[in-house]
Amino acid sequence: MRQGKVIRAAGGFFAVLDQRGSEYQCRARGSLKKNKGNLIVGDEVMFKPLQETTDDSRGEGVVEEVLPRRNFLPRPPVANVDQVIVVMSLKNPGCDWQIISRMAVLAEKENLPVVVCLNKTDLISRDQLSELDSRLDPFPYPVIFTSALSGRGTSELKDRLAGSCSALAGPSGVGKSTLLNLVQPGLCLQTGQVSEKIGRGKHTTRQAALLPLDSGGSVVDTPGFNRLDFKSLEPKQLADYFPELEALRGRCRFRDCLHLHEPNCAVTEELGKTVNSMRYEHYKYFIEELNQQ
Ligand SMILES: Nc1nc2c(ncn2[C@@H]2O[C@H](COP(=O)(O)OP(=O)(O)OP(=O)(O)O)[C@@H](O)[C@H]2O)c(=O)[nH]1
Ligand SMILES: [Mg+2]
Ligand SMILES: [Zn+2]
């Protein structure tokens, strides 16, 4: 048996990269599928090679066992990453701030660092950009402004990706694959137009793929999504996944303060100071949503 990592998953086949860098096309053993649910990109597995990879042909194998996951992101399904880069475009499609907070909650739940990448800066004016700067003061995550068109910020993004395994996540059409093509020439990832009529991407990337980077580390390019729901989250847990609220833990009058209408609440007192009001609106919205589940 040999250890490897699932780098692509589609139609019951799994591309597994072994520790020497050879890729095998694998199926999963039947019992594995039944007991453990699906294998996903990023999974560390033990597999049995049936045919070795040669210069002319890709090897084949059977995945026998999935090793325990360090972490798991449900949307896009990916395991064992070191950080999440949430990508949004500022225009075409427009930036959905609430989805950024949603993605961040899912990442925080797994204890994963979050970086926000705001792409297509070439499509907005300088005034709009400086307006954004004030909107993001304060903001609990590092923000990288990029333009795949002008090249702005791509070296900063490259530095962020170097040396760790990152998942790039965000709606369809925001430019995830385009940015990766710039960061790592030669990837040749397919990119697609944004629909003029509905202003959304056309789901060009169909499957997540883990891609090695020359700078060390790797990145998972993922299909875009337009909705993101929370599952199995208690309203009282939510503040743990908002770092700026978590920082105020223990400072409210009531220990079980939900930071909504309670008196002497440290969070509402910090609004506009250490707590960004937009982020607080997301928090309230999510609490309501979780209460309705
Ligand atoms: N103006 C401008 N267009 C961009 C930029 N980045 C990407 N695009 C365009 O946006 C469109 C969508 O880019 P993709 O890279 O396919 O987007 P994606 O996020 O990978 O989308 P999915 O694979 O569908 O999830 C393409 O037409 C790109 O050329 C940018 O910085 N500025
Ligand atoms: Mg893509
Ligand atoms: Zn409070």
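Ligands are counted one by one from 1 in listed order, and the atoms in each one are counted from 1 as well. Here the structure is a predicted model, which means the values were calculated and not measured.
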Participant: Which of the atoms in ligand 1, numbered in the order shown and given with their element, are less than 4.0 Å from a heavy-atom of S172?
Facilitator: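 So the answer, numbered in order with elements, is 21 (O), 22 (P), 24 (O), 25 (O).
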Participant: At under 4.0 Å between heavy atoms, which part of L123 makes contact with ligand 1: side chain, backbone, both or neither?
Facilitator: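 Answer for L123: side chain.
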Participant: Could you say whether the N/O atoms of D122 and ligand 1 ever approach to under 3.5 Å?
Facilitator: yes
Participant: At under 4.0 Å between heavy atoms, is it the side chain or the backbone of V174 that contacts ligand 1, or both, or neither?
Facilitator: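 The part of V174 near ligand 1 is both the backbone and the side chain.
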Participant: On the six-membered ring of F230, is R102 placed so that its NZ or CZ lies under 6.0 angstrom from the centre and within 45° of the ring axis?
Facilitator: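 Yes, cation above the ring, under 6.0 Å and within 45°.
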Participant: Strictly under 2.8 Å, is the Mg ion (ligand 2) approached by any N, O or S atom of T205?
Facilitator: yes
Participant: In ligand 1, which numbered atoms sit nearer than 4.0 Å to a non-hydrogen atom of L149?
Facilitator: 30 (C), 31 (O), 32 (N)
Participant: Backbone or side chain, does any N or O of K120 fall under 3.5 Å from an N or O of ligand 1?
Facilitator: yes
Participant: Tell me the protein heavy atom at minimum distance from atom 29 (O) of ligand 1, and give that distance in Å.
Facilitator: T178 OG1, 4.3 Å
Participant: Is it the case that the side chains of Y24 and E52 hold a donor-acceptor pair, with the cut-off being a distance below 3.5 Å and no angle test?
Facilitator: yes
Participant: Any salt bridge between D133 and R135, counting N to O under 4.0 Å?
Facilitator: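 A salt bridge is absent here (no side-chain N lies under 4.0 Å from a carboxylate O).
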Participant: Does only the side chain of H203 get under 4.0 Å from ligand 1, or the backbone, or both, or neither? Count heavy atoms.
Facilitator: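 The part of H203 near ligand 1 is the backbone, not the side chain.
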Participant: Have a look at H259 and say which of its N, O or S atoms is nearest the Zn ion (ligand 3).
Facilitator: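 Going by distance to the Zn ion (ligand 3), the closest N, O or S atom in H259 is ND1.
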Participant: Before moving on, can you tell me the angle at the Zn ion (ligand 3) between the SG atom of C257 and the SG atom of C252, to the nearest 10 degrees?
Facilitator: 110°
Participant: Using a 4.0 Å cut-off to any heavy atom of S147, which atoms of ligand 1 qualify?
Facilitator: 31 (O)
Participant: Examine the proximity of ligand 1 to T205 and report which part, side chain or backbone, both or neither, has a heavy atom under 4.0 Å away.
Facilitator: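 Looking at T205 and ligand 1, atoms from backbone and side chain both fall under 4.0 Å.
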Participant: To which of G173, G224, G201 does the heavy atom nearest atom 21 (O) of ligand 1 belong?
Facilitator: G173
Participant: Can you tell me if Q190 has an N, O or S atom under 2.8 Å away from the Mg ion (ligand 2)?
Facilitator: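 Given the 2.8 Å cut-off, Q190 does not count as a ligand of the Mg ion (ligand 2).
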